[in-house]
Amino acid sequence: MKEITIDELFKAAGFKPNKAQCKAIKHIDGPLFLVAGPGSGKTRVLLWRTVNLIVCHEIKPEEIYLGTFTEKAAHQLKEGLRTLLGRASNLTGKSYDISKMYVGTVHSSCQRLIADRNFSKDRSRRKPPLVLDQIDQYFLLQDTKFWEEAKEALDLPDEFFNLINQRLSNDGRYRNSQSKYVAVQNCISLFNRFSEEVINPDEVIEKSDDDILVTLAELYKLYLEMLGGKNRTRVDFSLLQQEALNAISETGQSGSVFKYIIVDEYQDTNTIQERIFFKLASGTNNICVVGDDDQALYRFRGATVENFVQFPERCKKYLKLEPETIWLNTNYRSRKNIVTFYTRFIDKENWKSTVKGKNYRLVNKGITAHSDDGAPSVIASTKASSEDVAAEIADLVKSLLDKKKVSDPNQIAFLYPSLKGAHPKRMIDALEERGLLVYAPRANKFLECDEPTKIFGLFIKVMGRPEKGPYSGGDYNDFHNWLDRCESEANTLIRGDRQLKAYIKHKQDELERINHDFELLSSEIQNMGLTLKSNYEPDKHKRKLSEVAGISSQAKKSITGSAFDRIARLRLQEGNPFQLNYVVNRATSPDWSVLDLFYRFCGFDHFKAMFDLAEAGTDEGPVCNLALVSEYLGRFIEKRGSVITGSFLADNKFQNVFFTNYLYTLFRMGEGEFEDVEDPFPKGRIPFLTIHQSKGLEFPVVVLGNPRKGSGEPQPVEAMVRPFISGKGEPLQRTADFDDMRMFYVALSRAENLLVMAHLSGQGVKVHPHLKEMLEDPSIDRIPDFKMKSLPAATKKQEEIPKTYSFTADYMQFQRCPRQYMVFRKFGFVPSRSQTMFFGSLVHQTIEDLHNRLISLNGGMQ
Amino acid sequence: MTEEEVEEFIRASFEENFELLRMSSGHSITDFAKTAALTQVLLYWKKLRDVALTVTDTEIKLTLPDCVSPDGRHYAIEGVVDIVRDSDETRMYDIKTHDCEYVKANIAQYEEQLNIYAHIWQELRGQSLDSTAVIATALTDDLRRAYREGDAGKLATAIEQWEPMVNIPLDHHKLDATVRAFGEVIDQIENHEFAPPPVSRLKERASPHKPIPFGVDVCRNCDARFSCKSYRQYAKFGVNKPDAEIKSYFDDYGSDVDRSEWLDGNLPSSIESELNV
């Protein structure tokens, strides 16, 4: 074993940190406030700071809490640590194991905190509550029973959904809506804010004279009761954090379980998270937060940028200490003019606080570009109509690709405040007219994309289509129109593919047979005076069931099979007999699940061609969408089980549950996109992203497609909770403008080599006032005058930190079959029967736990 | 800890890990696969308690840093092993959820792997090492049959005859070749080259000692086989096939035994649980 210094580790890795970076990495005592501008190497600093603590200061990995907000960032941190620590191991001879370290998203760490013995009074382990994700939460809250009970208990008026929608909808189009779906979504956003701000509903009921708000607070109380009251067995993401805070408040030692608390993207924290972090740091005072208030985008999810801006004050309040502040302000990402452009932009807003001498933003960050390439790198289109601008930009993109200024179309990103609406659509059309492919999962509802439409169309053909109920309403009609489209697209496919036609027919026949068998067997059970719940006694029932007139040979065989018969008798002897339901289902269920059916559909020519494109690395877009379809089917299986039983098929239950309930909800939620934390955008396609999606990413070329002026109105939910939040925040009336500034700042700072601005004009077009000023500046370069020669070609970047590959999961898997590796490991298709990483990890981690337990007993087990 | 307590510990920690993995991966495995995974751990404890009781370092992460692929990519290789160290020798174990027949048949690739790990352990970490072995936890066909039949006597015999530990000779000569091959694979992955093996490979034995072709052993366990050009050629599936062959190509859910195994592993056990799911 050998001691080593951090400078020696830098040297071994060929890393030359700048002065501020170096200071931040080596800081070890007390609170630290890192203000990190775009492209300033913040992830690297965090990684090295953690390595310094573990390797040079002998802090155990499990004594460090390293939290962030997205799966992608969490993945980068884990990967980076593994690589850097692995390298350090070879220099020091020591092993650094991060498998038990708290490194990941704040949500995942909350789950662990709840179950962590270190925070319980008697060191016992608590079973963490089941976590409901967004979709689960919706299903729970839309439950008819809940609303019936609420209606009775709170005496809700009939038009209550409409009242909710009038008051809470962000989007003006929904304010007249009667829709339960919209109302439930609105309730969810309000309830989440209540939970995140730890607002006591009783206080709201007592203090407020706003009738609707009072009723909503009552509803919130009912919702909390439904989750189990004081002893919650289920929680949503917001309440999960409350549970975690409660869990760590149980003992007095919570403040010293971790020696270091490090939180990335701190501008995205909410009130409750701030309390958790300060609680965890209360024993050691070692809290380091990293972030950039100018990139705060998540107010609508409860993020409170003040937590970051006022971090020095908060430290004084919670820890009685002043943090050391370090400014990471050298930008390594973008060419010089890009950096100048976005720093000029953010300074145009008046950020002065009503408190004299204070600002709502950390001003004077002193951001400078590392690059000294002063050639034009920000260009605007000619000021023109949306169509003309789209055409001009599409031509530019085409020539960037032709002149090899980028190595793949996925290096050119189009960013928009929202992908709904006419501008992005025109841009996509213009690119497609020039033979270019785009990837725009959020431009439409995901299910309306080509691949899911066709796949679910085939599902309709096999499983049958749900009937349209006597309801009206935009979404419901849209959904049924989509089902129409699914069906007609499927019909077209079937007409063009004889084999597919034969296969579909075969599946239809199979299900018909199963339905028939199920009816016959159930009525025989009734005739015997029994129910499906009755116990199965082979001696009494086997013959009668297997000899029912008209049942298929398959069903007969299932009932009489000798292996099953033996088990059934054994279970009866053991006093644990099968129910008749089991016997009937066993005889009347297909051999396949919805995922099995999906993989078979993929074998027909139309879909097979998509796999062929991905295999060759030509176009990965369609396969990404298929991977997401598999994920949705996998979720359905998680909720409903793999087997589509005869009783599930009976009375159109399956159609109702699968289409009318599950898919309809996904359809309304609308979102959904392929996510690959390592390699986010399919090769061969130009990505169209919302600015929110682009956070944390960088692209050689960025096009800002619609620099629109916002509504200026605060979010209704925000206005509603504001009176119950303590502390001095940004004035409600200014939040929308501030949020727009930060959003465009994020967009502008994503570009490395070239930033292209659409300069729109025409009727109804409103450009953001500060951007308008900059676009109308006569000195701005325009696309028609742009000299492509001055633009450097985007080179394939050498990863800052080399990637680590696993011998088993990468090398051996790939060697076995590259295609299988691609489908399951690269694109993350949810398997139906293939053994996966999940299986191996489960076995390994359990054996590891067993070993650790035995090691800790140290021979205590004889 | 008593025998029951160990088993109880295994079950509890298994459930916990299952939940954590489900959370972090966003997906799950079928009940059937879950039971199979638990069986592997319980059997490991039953059969290899001597190893389990003497392990001194578990799940050690070994990294070979600063490798460079033929195309010039920098990367690191990582693996995980268990170490048993006592007064006179150090053994390295690699636990795998493969079956021991497969490991024996494909011994060359395990030799490559464990020799890289041994190199990191000995050369980079400066630790001593006397021998290495793979522990193959997957159930062999014999064991699976015994479980299915539920006969305690047969099961005991099958466990008795099971040899999950496969010794791997130490031989550092292959190191450079392995690292080179690894680098080539990394380049293919990063260059997005994912063509399946040719049909000729699918017709060959899965491995020299296994009388089953690759097309059955590997492909039949792959959900993505239907859209694979090599598998289609292997299964002689083409455009002009009669309807009956379309059925048999797509509905290959295995033997009757496989089918009922899947059903019994996944069917809801009672009408109540069916309604609750």
Side-chain angles (χ1 to χ4, degrees), chain A residues 83 86-87 90 93 95 97 499 502-503 506 532-533 579 581 585-586 591 599-600 602-603 608 611 615 617 634 638 640-643 683 802-807 811 814 816-820 822-823 830-834 838-843 845-854 861, chain B residues 1 9-10 13-14 17-18 21 25 27-30 33 37 40-41 44 52-53 55 58-61 63 65 74-79 95 97 113 124-126 137 182 185-186 189 192 194-197 218 221-224 226-228 243 246-247 250 253 259 263 266-268 270-271 277:
Chain A
T83 305
R87 194 187 271 148
N90 296 331
S95 210
D97 182 6
Q499 292 182 330
Y503 182 70
H506 165 57
L532 284 170
K533 282 189 189 179
Q579 287 178 346
N581 180 58
N585 272 337
R586 199 175 177 280
D591 293 317
Y599 282 112
R600 270 122 193 114
C602 289
K608 181 183 170 293
F611 284 84
E615 247 172 71
E638 251 186 69
R640 306 292 314 197
S642 302
V643 185
K683 223 178 152 209
K803 262 195 193 170
T804 299
Y805 296 88
S806 150
F807 207 105
Y811 177 65
F814 185 93
R816 198 164 143 105
C817 176
R819 187 174 182 276
Q820 195 178 45
M822 167 189 91
V823 172
V830 172
S832 176
R833 313 219 176 186
S834 313
F838 190 114
F839 186 96
S841 308
L842 181 56
V843 171
Q845 282 178 20
T846 310
I847 290 180
E848 182 187 355
D849 288 346
L850 173 67
H851 286 166
N852 275 323
R853 182 88 180 118
L854 295 169
M861 163 99 204
Chain B
M1 277 207 297
F9 175 85
I10 291 175
S13 120
F14 181 85
N17 289 327
F18 178 78
L21 279 167
S25 68
H27 70 267
S28 185
I29 48 175
T30 61
Q40 288 197 17
V41 183
Y44 165 77
L53 284 168
V55 163
T58 186
E59 295 280 299
I60 299 274
K61 292 207 165 48
T63 307
H74 291 256
Y75 69 97
I77 302 177
E78 186 188 73
I95 297 175
T97 52
Q113 183 175 14
L124 302 183
R125 297 275 186 99
T137 59
F182 202 107
V185 163
I186 299 316
I189 292 174
H192 301 242
F194 297 111
V218 176
N221 288 309
C222 174
D223 288 317
F226 307 99
S227 51
C228 171
D243 291 1
I246 296 170
K247 262 188 238 176
F250 285 105
Y253 295 101
R259 289 169 183 235
L263 267 183
N266 291 309
L267 261 180
S270 69
I271 201 160
V277 284

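Worth knowing before you read on, the calculation uses all heavy atoms, side chains too, and leaves out hydrogens, waters and symmetry mates. By convention in this document, chain letters (A, B, ...) are assigned in the order of the sequence lines, proteins followed by strands, and residues within each chain are numbered from 1.
- Residues satisfying the ring pair (Phe, Tyr, Trp, His ring centres under 6.0 Å) criterion with B:Tyr75, sequence neighbours excluded, are B:Phe182.
- Of all heavy-atom pairs spanning B:Ser13 and A:Asp849, the tightest one is OG-OD2, 3.2 Å.
- Side-chain atoms of B:Asn17 never come within 3.5 Å of backbone atoms of A:Leu842 as a donor-acceptor pair (strictly under, hydrogens ignored).
- Side chains of B:Thr58 and A:Asn852: a donor-acceptor N/O pair is absent below 3.5 angstrom, by distance only.
- Counting all heavy atoms, side chain and backbone alike, B:Pro197 lies closest to A:Cys817 at CD-SG, 3.7 Å.
- Contact count against chain A (heavy-atom pairs under 4.5 Å) is highest for B:Gln113 among B:Gln113, B:Glu59, B:Lys61.
- For B:Ala195, the side chain to side chain contact (heavy atoms under 4.5 Å, CB included) partners at least two apart in sequence or on another chain are A:Glu615.
- Interface check for chain B: of the options A:Gln499, A:Met822, A:Gln845, A:Lys683, the most heavy-atom pairs under 4.5 Å are formed by A:Gln499.
- For B:Phe250, the parts lying near chain A are the backbone and the side chain together; criterion is any non-hydrogen pair under 4.5 Å.
- When A:Tyr811, A:Phe611, A:Tyr503 are compared by the number of non-hydrogen pairs under 4.5 Å with chain B, A:Tyr811 comes out ahead.
- Between chain A and the residues B:Val218, B:Leu263, B:Val55, the largest count of heavy-atom pairs under 4.5 Å involves B:Val55.
- Heavy-atom pairs under 4.5 Å with chain A were tallied for B:Cys222, B:Ala224, B:Ala76; the largest tally goes to B:Ala76.
- Considering only heavy-atom pairs separated by less than 4.5 Å from chain A, the leading option among B:Ile10, B:Asn266, B:Asp243, B:Ile60 is B:Asn266.
- For B:Met1 against A:Leu854, the heavy-atom pair with the smallest separation is CE-CD2, 4.5 Å.
- Distance check: A:Phe814 CZ to B:Phe194 CZ gives 6.0 Å after rounding to the nearest 0.5 Å.
- When each of B:Leu267, B:Ile246, B:Ile95 is scored by its heavy-atom pairs under 4.5 Å with chain A, the top score falls to B:Leu267.
- Heavy atoms closer than 4.5 Å to chain A are found in both the backbone and the side chain of B:Phe14.
- For A:Val823, the part lying near chain B is the side chain, with the backbone staying farther off; criterion is any non-hydrogen pair under 4.5 Å.
- To the nearest 0.5 angstrom, B:Leu53 atom CG is 9.0 Å from A:His851 atom NE2.
- The shortest non-hydrogen separation linking A:Ile847 to B:Tyr44 is CG2-CE2, 3.8 Å.
- Heavy atoms closer than 4.5 Å to chain B are found in both the backbone and the side chain of A:Tyr805.
- Proximity to chain B (any heavy atom under 4.5 Å) is shown, for A:Phe807, by both the backbone and the side chain.
- Residue A:Thr846 holds its OG1 atom at 10.5 Å from CD of B:Gln40, rounded to the nearest 0.5 Å.
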